[in-house]
Amino acid sequence: MNIDVNKVKIIVTIPIENLDDVRNAICEAGAGIIGNYTDCSIATKCIGTFKPEEGANPYIGEKNKLEFVQEEKLEVRCSIDKVKEVISKLREVHPYEEPAIDIIPLIDESCFK
């Protein structure tokens with residue numbers, strides 16, 4: 001099987017109040033296109049945990065204290081040629097100092113017989 005990766009899924013967690021800003025920014029940068037549709041995404045409510053260490057500048061929470069935050073997990077598809085631009089825009093508008101970003105390669109169904 002010859003597999004070319006032309007698309008990825010970008011997944012990031014975001015404070016609920018920042019979801020629309022991040023979604024709009026990354027879709028404007030080229031993410032969220034499926035066929036003839038734009039601004040395609042899915043968001044799932046979740047609880048994120050983290051503990052800011054010394055040297056951190058947390059958007060939410062206090063240093064050296066475990067935090068539990070209601071977040072949204074935002075998922076979008078993205079063409080491989082737009083990933084750098086989309087991630088750059090995501091980092092620009094995301095409120096966290098270190099957003100957790102997953103980039104997962106997607107296999108097109110045409111690769112399967």
Residue pair Ile10 / Ile87, side-chain heavy-atom distance below 4.5 Å = yes

Summary of ring-ring contact (aromatic ring centres under 6.0 Å, His included) pairs that have at least one residue in residues 36-85, sequence neighbours excluded | none

Please report the C-alpha distance between Glu54 and Asn64 in whole Å, then the side-chain angles of each, then the deciding distance to 0.1 Å, and finally whether the side chain to side chain donor-acceptor pair (under 3.5 Å) criterion is met.
-> CA-CA 7 Å; Glu54 288 303 320; Asn64 299 311; 2.7 Å; yes

Given side chains that start at C-beta, do those of Ile47 and Gln70 come closer than 4.5 Å, heavy atoms only?
-> yes

Please say whether more than 12 non-hydrogen atoms of neighbouring residues, nucleotides or ligands are located less than 6.0 Å from CD in Glu67.
-> yes

Test log, rule side-chain contact (heavy atoms from CB on, under 4.5 Å), inputs Ile101 and Arg91 = CA-CA 9 Å; Ile101 302 168; Arg91 289 186 182 282; 3.8 Å; yes

Between Asp39 and Cys27, what is the shortest heavy-atom contact and its length?
-> OD1-CB, 3.4 Å

Keeping to residues at least two apart or across chains, list the side chain to side chain donor-acceptor pair (under 3.5 Å) pairs with something in residues 101-110.
-> Asp108-Ser110

Quick one: which residue pairs count as a ring-ring contact (aromatic ring centres under 6.0 Å, His included) with a foot in residues 72-100, not counting sequence neighbours?
-> His94-Tyr96

Under the side-chain contact (heavy atoms from CB on, under 4.5 Å) rule, what do Ile11 and Lys73 come out as? Steps first, then yes or no, please.
-> CA-CA 7 Å; Ile11 304 170; Lys73 179 171 64 170; 3.5 Å; yes

N/O donor-acceptor pair under 3.5 Å between Asn24 side chain and Asp20 backbone = yes

Would you find more than 12 non-hydrogen atoms of other residues, nucleotides or ligands less than 6.0 Å from Lys51 atom NZ?
-> no

Mark yes when over 12 heavy atoms from residues, nucleotides or ligands other than Ile42 sit less than 6.0 Å from its CD1; otherwise mark no.
-> no

Working for salt bridge (charged side-chain N to carboxylate O under 4.0 Å, His left out), residues Lys89 and Glu28 | CA-CA 9 Å; Lys89 184 52 87 170; Glu28 286 174 13; over 6 Å; no

Return the minimal non-hydrogen interatomic distance between Ser41 and Arg23, and the atom names on each side.
-> OG-NE, 2.9 Å

